[in-house]
There are 2 protein chains.
Amino acid sequence: MAVSLRDVAEAAGVSIATASRALGGKGPASAEAIRAVREAADRLGYQVNALGKALREGSDGVVGIVVPMVSNPFYASLVHEFEDQLSNLGLKLLIADSHGELDRETERLEALASRRVRGIFAVPAYFDRSSPVITKIARRLPLVQVDRRVEDDSALSYVGVDNADGVDQALRHVRDRGATTVVFVGADDRTSVGRERERAFAAGVERLGLVAQRPIIDRYLFEFGLSAAAQLLRRSALPDAVIAGDDLIATGLLAGFARHGRSVPGDVMVTGFDGTILSDICNPTLTTVRQPMAKIAEVAIAQLTRQIEDAEDTGSHVRLHTTLRPGGSTERTPLT
Amino acid sequence: MAVSLRDVAEAAGVSIATASRALGGKGPASAEAIRAVREAADRLGYQVNALGKALREGSDGVVGIVVPMVSNPFYASLVHEFEDQLSNLGLKLLIADSHGELDRETERLEALASRRVRGIFAVPAYFDRSSPVITKIARRLPLVQVDRRVEDDSALSYVGVDNADGVDQALRHVRDRGATTVVFVGADDRTSVGRERERAFAAGVERLGLVAQRPIIDRYLFEFGLSAAAQLLRRSALPDAVIAGDDLIATGLLAGFARHGRSVPGDVMVTGFDGTILSDICNPTLTTVRQPMAKIAEVAIAQLTRQIEDAEDTGSHVRLHTTLRPGGSTERTPLT
DNA sequence: CTGAAAGCGCTAACAT
DNA sequence: ATGTTAGCGCTTTCAG
């Protein structure tokens, strides 16, 4: 089998304790011992067994993240950011995909917890139904909610964006470009994000004096955007602008309208949410509400670190700002 | 701290061994003991410490995957597939991002190996320079190369697609639509995939009697496709078709041409590679060479499983077939 | 500075 | 069927 510390110690002619100190650089060790042990370790191709080390130390340098769907470019980028920044701290990332389902989410969270990861970043599948698991796990170990949160989470940490303001930015943007009738095409209204965006839309419409058509709500999928476009075209009149719940839906709308020969932004304007690469790729490019993904990861990691260091740390909620990035999908002469 | 098996055993009034058997369902245990132990475990909120279990058993149910960049939709989807299928086998996925850099790749592979993961899926950063580390790790534990491979890897397992045939499918497709001059815009020619596609292009051009312009090679990035389009436009004449190294580059080309007022497929046809969601999102939709991602994951997992079960298992190479998926980017009347 | 020994939590012989 | 015991590989008192 693999070579263990014992083998190295034997080969170096020292005790296993000395070998450990020599390699770990923690306790005292003579230069001579260090040299001999290092030499033996090299020669034998020794590598610490992280499991043994972790068992002894209570936990290893692994943190987990549970996202609803890695293949959604937004979460892919987010995971990328986390992996990146965590690696600079010497931490590894265990990733789990909940598919936005409670069962899978529960199972994954339990698995991570039982592995004694140092902490967990979670994007809850549901606003209400995920609450018990998330709360339960958070009692056992450091946990930071990212992007989405659960209800009754005043004791939990959370990092996300100001969705209400984000939707408002989109609404004002299309309003300034002449829109009077608008519609919201969003998703997952049983998630905090879905609810927040949908409500912000309703409130914003009211405040800005716009007219809202009946919203269409389903899932964060390109295919949904596609079918939503068809649905909108079946209605008596197209709105001036469609505010989509995320970039995936927005690009689906774009493709759907194109497929039916409608022009964006000519016949209808479209805005997205997230600021993923998708917004650059589509044609016209997508006006979207950009989330500061690197910053989200940074703040979330800082929060988790604080919780790890101070078990008493009480959860804090952080809302970061979004920025509207104008693209071709709303390119009209602004009103003055 | 957390409640351990010992606590449960005590509470249930049995020995720790009985408790283990009662919970694990492995050895013999009386119905009465099982009931008592379960009850105690529930009451105390016991959860196995996966670390202790893993140390004892030599490894835990974790496998690792190292990809060059999770935020590339192709790898995001691949990771998604792996996570999905592995979870059905009760395995967890530890993910690492090499950024396509040798240093990071080496570090991540070592870390995974030292954690005694059951096995590793790796997309090597380089065809040549990654060879030593991949080979070394593969000697220590089950490893399957995915998508890309290293040189001198006859002893290593590999699962990927027939890139040569894939590029050929694209070439024949544009040839059938009237293309005579073509150009390859690819990337990472120090990876197996980059080389294979580039060579297949050169060979295919020859065989089909087409005329190739000087290729442009850089990285698998949208931004590169964008600048490559500009570069092509600066040349004396635009080719009839551009064969891109992947979807990211292809969509960059599409955006680049659009930005300069050129029509695709009118002025120039474009094909991609991978079959990611990007090909649906762009406008026109992208004709692309689809990789069977689910199948790739399936075969790779089967190979890893075989290696885990049989340490002597000698590496096998599997090349899966690609399928050309026609999109708007090459929509012309086929010649007859 | 070094070695002996304990123990992290768990499972698997082995003995009863 | 159950309990005792021996480690998995490592770090860390505690003596010396």
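Protein chains get the first letters and strands the later ones, always in sequence-line order, with residue 1 at the start of each.
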Please list all pairs passing the ring-ring contact (aromatic ring centres under 6.0 Å, His included) test where one or both residues lie in residues 13-62 of chain A, with sequence neighbours left out. none
Can you tell me which residue pairs pass the ring-ring contact (aromatic ring centres under 6.0 Å, His included) test with a partner in residues 103-143 of chain A, sequence neighbours excluded? A:Phe82-A:Phe121
For D:dG9 and A:Lys53 - does any side-chain N or O of the residue sit under 4.0 Å from the phosphate oxygens OP1/OP2? no
Without decimals, in angstroms, what is the distance between B:Leu55 CG and D:dC8 C1'? 4 Å
Using the 3.5 Å cut-off, write out each protein N or O paired with an N or O of nucleotides 12-16 of chain D and the distance between them.
{"from": "D:dT12", "atom 1": "O4'", "to": "A:Arg56", "atom 2": "NH2", "distance (Å)": "3.1"}

With five pairs defining each end axis, the helix from C:dC1-D:dG16 to C:dT16-D:dA1 comes out bent, to 10°, by 40°
Name the atoms and distances for all side-chain donor-acceptor pairs under 3.5 Å in residues 19-33 of chain A, with sequence neighbours left out.
{"from": "A:Ser30", "atom 1": "OG", "to": "A:Ala33", "atom 2": "N", "distance (Å)": "3.0"}
{"from": "A:Glu32", "atom 1": "OE2", "to": "A:Arg35", "atom 2": "NH2", "distance (Å)": "3.4"}

Tell me which donor-acceptor pairs under 3.5 Å the side chains of residues 50-60 of chain B have, and how far apart each pair is, sequence neighbours excluded?
{"from": "B:Ser59", "atom 1": "OG", "to": "B:Arg116", "atom 2": "O", "distance (Å)": "3.0"}
{"from": "B:Asp60", "atom 1": "OD2", "to": "A:Arg115", "atom 2": "NH1", "distance (Å)": "2.3"}
{"from": "B:Asp60", "atom 1": "OD2", "to": "A:Arg115", "atom 2": "NH2", "distance (Å)": "3.3"}

Looking at DNA chain D, which of residues 27-42 of chain B put a heavy atom within less than 4.0 Å of it? B:Pro28, B:Ala29, B:Ser30, B:Ala33
B:Glu83: which residues meet the salt bridge (Lys or Arg N to Asp or Glu O under 4.0 Å) condition with it, sequence neighbours left out? A:Arg104, A:Arg108
Value in whole Å for how far the P atom of D:dG9 lies from CG of A:Asp60: 17 Å
By salt bridge (Lys or Arg N to Asp or Glu O under 4.0 Å), which residues pair with B:Arg139, not counting sequence neighbours? none
Report the distance from atom CZ of A:Arg116 to atom P of C:dG9, rounded to the nearest whole Å. 8 Å
Distance in angstrom units between A:Arg115 CZ and C:dC10 P, rounded: 14 Å
Can you list everything that forms a salt bridge (Lys or Arg N to Asp or Glu O under 4.0 Å) with B:Lys295? Sequence neighbours excluded, please. B:Glu298
Let me have the donor-acceptor pairs involving side chains of residues 62-79 of chain A, under 3.5 Å, with sequence neighbours excluded, atom names and distances please.
{"from": "A:Asn72", "atom 1": "OD1", "to": "A:Phe74", "atom 2": "N", "distance (Å)": "2.9"}
{"from": "A:Tyr75", "atom 1": "OH", "to": "A:Asp147", "atom 2": "OD2", "distance (Å)": "2.7"}
{"from": "A:Ser77", "atom 1": "OG", "to": "A:Pro73", "atom 2": "O", "distance (Å)": "3.1"}

B:Arg6 CZ to C:dG7 P: how many Å, rounded? 9 Å
Decide side-chain contact (heavy atoms from CB on, under 4.5 Å) for A:Val193 and A:Asp188; before the verdict, give the C-alpha distance in whole Å, the side-chain angles of both, and the deciding distance to 0.1 Å. CA-CA 8 Å; A:Val193 162; A:Asp188 290 347; over 6 Å; no
Under 3.5 Å, is there a donor-acceptor pair between the side chain of A:His99 and the main chain of A:Glu105? no
Partners meeting salt bridge (Lys or Arg N to Asp or Glu O under 4.0 Å) with B:Arg43 (sequence neighbours left out): B:Glu39
Rounded distance (Å) that lies between atom C1' of C:dT11 and atom CG of A:Leu51: 14 Å
Just the rounded figure in Å: distance from P of C:dG9 to CG of B:Leu23. 16 Å
Mapping B:Val14 and A:Gly52 onto DNA chain D by nearest heavy atom, which one lands closer to the 5' end? B:Val14
